[in-house]
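Since this is a predicted model, take the numbers as computed values, not measurements. Only heavy atoms go into these numbers, but all of them, side chains included; no hydrogens, no water, no symmetry mates.
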Number of protein chains: 2
Amino acid sequence: MASQAEENYLKALFTLASDSGEIGLSDLSEMLQVSTPTANSMVKNLHQQGLVHYEKYKPISLTSKGKKEASLVIRKHRLTEMYLVEKMGFGWEKVHEIAEQVEHIKSPALFERMDELLGHPKIDPHGSPIPDRNGKIEWKSYHKLSECKPGDSIRLVALTHSSDEFLQYLNSKRLSLGLMLQVESVETFDGNMAISYLKNHREILSAKVCEKLLVEKE
Amino acid sequence: MASQAEENYLKALFTLASDSGEIGLSDLSEMLQVSTPTANSMVKNLHQQGLVHYEKYKPISLTSKGKKEASLVIRKHRLTEMYLVEKMGFGWEKVHEIAEQVEHIKSPALFERMDELLGHPKIDPHGSPIPDRNGKIEWKSYHKLSECKPGDSIRLVALTHSSDEFLQYLNSKRLSLGLMLQVESVETFDGNMAISYLKNHREILSAKVCEKLLVEKE
DNA sequence: GTATAAAGTTAGATCAATCTAAACAATGAT
DNA sequence: ATCATTGTTTAGATTGATCTAACTTTATAC
Ligand SMILES: [Mn+2]
Ligand SMILES: [Mn+2]
Ligand SMILES: [Mn+2]
Ligand SMILES: [Mn+2]
């Protein structure tokens, strides 16, 4: 059974693989806030276990076994976040830290029960897909709000990143997933967008923010 | 912050203190399934932290600081068990193993929320008291079923031990906490007791079982 | 009271996960 | 092609939690 540390490395590798191209040791060590030698020795360990492809000085990647293991940890993480929000009333900005710990609990029954009680949710509170029991992920191709044009009416469905601060910021603007947004105008100079939503809300969102908001055309 | 291992030692020491007299290293090492030298070095470590009283070759005991810490871990354990049973539908025989892990999660908010959602329960699914936020425990003085006499009508309120097997056994006899029991007869030779309950259930319980069932006179 | 048994301690090793310092390899800029 | 920068690896140490083997102290039994 993978240790807590091993599970965190697998998860980090999976995430890095999905949002960048080649993974270097330094990416991994930075993401996990450990030194490169630490990451290096853990990668060797995971290699021994057949979970990562590794050759000296080459980029790192997960084997299919590794991908599956990683997906299952991510499944536990996201089910937990969803459970904390839906069943325990936590705000979406509070749940990541807790899930980071709960994801390591060894009890298939616990996560199966969360899944059932939640009605087999497909996404977590930040709009990220929840892998199924076999580690399969249904990738949706969403658009960034920043790519929308004036007049577009779209639904906010997910976030590309969900730091505490970003979530707090969205809270302060009353922005939440599922919301319909109207793009009023786009400033070509800096990419600022004016959007309106919820009857009488109107906000100017920076390009930096719009890049992180994923939307779906109805 | 106490590590997972440290928390387990504190909890073991607390439990040993409440159900035996003097605590020897061997009791501790046996309870935690580690070697005596391992327990010995951990006890020294906890002593350094002011959590246990320790002098070479003398019995071990928790300091008041240690007792409080231990109680708070037990609080987390029992709240978790209660939450799993009441809110997630687990059987009382399934929850100990999960709680053994969840009790180490560092998130006061998680346990506060469990407590609220449960309506600040005073006892866990096995009838053991849940310490309050300050680690205070309300000790109830229950009677053992084995001390009851024919004709007694009492309520089953707690268990002195709750191993998986014992809980399964109780399940098979449809015995659960809160139930009213009538003592029909007691066999003086071996202490076997005939009890009736739930309209039409009638069972002979061994002395071994009756010792582990705690009851309250209405 | 001494011998034996039980319980506790010390010493020394291991293993996972981490670190720093130093050496080495690949890249890419002149 | 050379060299500097960047990224990777090795070496060696540390810390927490564990172990076994050997030794010491305390308790128990004749
Ligand atoms: Mn998360
Ligand atoms: Mn984690
Ligand atoms: Mn328990
Ligand atoms: Mn535990």
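- Looking at A:Ser29, its side chain never comes within 3.5 Å of a backbone N or O of A:Ser35 through a donor-acceptor pair.
- Ranked by how close their nearest DNA chain C nucleotide is to the 5' end, A:Gln33 and B:Lys58 are led by B:Lys58.
- No more than 12 heavy-atom neighbours from other residues, nucleotides or ligands sit within 6.0 angstrom of NZ on B:Lys140.
- Spacing between atom CD of A:Glu6 and atom P of C:dT18 amounts to 10 Å, rounded to whole angstrom units.
- Atom CD of A:Gln49 is separated from atom C1' of C:dA17 by 14 Å (rounded to the nearest Å).
- B:Lys173 meets the salt bridge (charged side-chain N to carboxylate O under 4.0 Å, His left out) test with B:Glu203; sequence neighbours excluded.
- Within 4.0 Å (heavy atoms only), A:Ser41 reaches at least one base atom of the nucleic acid.
- A straight line from NZ of A:Lys56 to P of C:dA25 spans 8 Å, rounded to a whole angstrom.
- In this structure, A:Asn45 atom CG and C:dT18 atom C1' are separated by 13 Å, rounded to whole Å.
- One finds a side-chain N or O of A:Ser35 lying less than 4.0 angstrom from the OP1 or OP2 phosphate oxygen of C:dC19.
- Using a distance-only test at 3.5 Å, with no hydrogens or angles considered, no donor-acceptor pair links the side chain of A:Arg75 to the main chain of A:Ile130.
- Close to C:dA17, at under 4.0 Å from its OP1 or OP2, lies a side-chain N or O of A:Ser3.
- Between the P atom of C:dT18 and the CG atom of A:Asn40 lies a distance of 13 Å, rounded to the nearest Å.
- The span of DNA chain D lying next to chain B, judged by atoms under 4.0 Å from heavy atoms, is bounded 5' to 3' by D:dA17 to D:dT26.
- Rounded to whole Å, the distance from CG on A:Leu25 to P on C:dC24 is 18 Å.
- Closest to the side chain of B:Lys44, out of C:dA26, C:dT10, C:dT9, is C:dT10.
- With a 6.0 Å cutoff to the six-membered ring centre and a 45° limit on the axis angle, B:Lys67 does not count as a cation-pi contact of B:Phe14.
- Judged by distance alone, the side chain of A:His143 and the main-chain N or O of A:Val215 form no donor-acceptor pair under 3.5 Å.
- In this structure, the OH atom of B:Tyr57 is 18 Å from the P atom of C:dA6, given to the nearest Å.
- Side-chain contact between A:Pro121 and A:Asp115 is present, with heavy atoms from C-beta onward closer than 4.5 Å.
- When heavy atoms are screened at a 4.0 angstrom cut-off, A:Thr38 is found touching base atoms of the nucleic acid.
- When rounded to the nearest whole Å, the span between CG of B:Leu28 and P of C:dA7 equals 14 Å.
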